[in-house]
Amino acid sequence: MTGLVVAMDGPSGSGKSSASRGVARALGLRYLDTGAMYRAITWWMLQRGVDLSDPEAIAARALDPVLTIGTDPDAPSVAVDGADALAPIRTSEVTAAVSAVSAVAEVRRRLVAEQREIIGAGDIVVEGRDIGTVVVPDAPVKIYLTASADARALRRTAELEGTTVQAQKAAMARRDTLDSTRRADPLTMAADAVELDTTALNLEEVVAEILRLIKEKA
Ligand code: DC
C-alpha cells in the first residue's frame, strides 16, 4: 500500500459519515462508506423475501447481489444488480434489519474482500465498524469516534423524519448491542486507534482535530 488510508470506526450517530467525507474532501482523498454496502445487501434481501431471522438463509444468498459503490465524497452512489440503492438503503426498514445481515460471517467475508479491493493502493478514508481491526489492520491512521448516547440520538433524530429522540435512543442502543456482541468482527476499538469524543464538538472542530491527528501520525 502506497497511499494514505484513514480508518474511521465507531457507533452510529458518532458523526463518522460527515467527518469522513469532510476529511476526504479536505485532503483530496477517496471515501468509502462500508455501512452502505451492508445496507445495500440488506435491501436486496428484503426485496427478495429472504428470511432475515435465519442466518443460514442469509448466508445462502450472500454472494448473489452484485454491488457497485462510488468513492467520490461529493457524489455518493450505490447500486445493487444495477438498481440505484442510494435512497432505499436509508429507510427505517433497512436500518432495523441491517444488524441481522451484517452479523453473518459469509456476508462479512464477501464484503471485506470487496472493501480491500476498492481500497487498493490507498488514498482513501474508510468508515465502518471493523476497518481498523479487520479490513485494514495496518492503516497508518485509525480514528474511533464516540459521542454520548443523548448526542448520538439527537443527531440521528435531526436527520430523520417522524421519529423522537427517545425512540432513536432505544433503537441505537439495540443496534449497538447487536453490532458489538456479534461473533463475526464485532464493533471494538483497535488497540492503536485514537479515540475522539465528539459530544461537545461541531463538524468543523471534528474535521480539524482529525486533520491534526493525520498530520501528526502519517
Ligand atoms: O454505519 P451504518 O449505520 O450505515 O451501518 C449500518 C450497519 O452495518 C451497522 O448497524 C453495522 C453494519 N456495519 C458493519 O457491521 N461493519 C461495517 N464495517 C460497517 C457497517
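Start at 1 and go down the list; that is how both ligands and their atoms are numbered.
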Close side-chain approach of I69 and E114, heavy atoms under 4.5 Å: no
Under 3.5 Å: N/O of T34 near N/O of ligand 1: yes
Ligand 1 to R182 polar contact by distance, N or O atoms, under 3.5 Å: yes
For ligand 1, the portion of R39 having any non-hydrogen atom under 4.0 Å away: side chain
Mode of Q115 contact toward ligand 1 - side chain, backbone, both, neither (heavy atoms, under 4.0 Å): neither
Any N or O of R108 closer than 3.5 Å to N or O of ligand 1: yes
Test item: V101 and L52 side chains (from C-beta on) under 4.5 Å apart, heavy atoms: yes
Close-contact set for ligand 1 against G35 heavy atoms, below 4.0 Å: 4 (O), 5 (O), 19 (C), 20 (C)
Minimum side-chain heavy-atom gap E209-L196 below 4.5 Å: yes
Per-atom contacts, ligand 1 versus R175 - under 4.0 Å to a heavy atom: 3 (O), 6 (C), 7 (C), 9 (C), 10 (O)
Shortest reach to atom 7 (C) of ligand 1 by a heavy atom, considering only D179, L187, V98, D185: V98
R90 and V94, any side-chain heavy atoms less than 4.5 Å apart: no
R25 vs D74 side-chain heavy atoms within contact, under 4.5 Å: yes
Min side-chain heavy-atom separation T95-R175 under 4.5 Å: yes
Atoms in ligand 1 with a heavy atom of D130 nearer than 4.0 Å: 16 (N), 17 (C), 18 (N)
Ionic contact status for R108 with D130, cut-off 4.0 Å: yes
Close side-chain approach of V194 and K217, heavy atoms under 4.5 Å: yes
Close approach of M37 to ligand 1, heavy atoms, under 4.0 angstrom: no
Check: L211 and K215 side chains under 4.5 Å, non-hydrogen atoms: no
Residue, atom name and distance, where the atom is the protein heavy atom closest to atom 1 (O) of ligand 1: R129 NH1, 2.8 Å
Identity and separation of the nearest protein heavy atom to atom 12 (C) of ligand 1: S102 OG, 3.6 Å
Numbered atoms and elements of ligand 1 in range of S99, under 4.0 angstrom, heavy atoms: 10 (O)
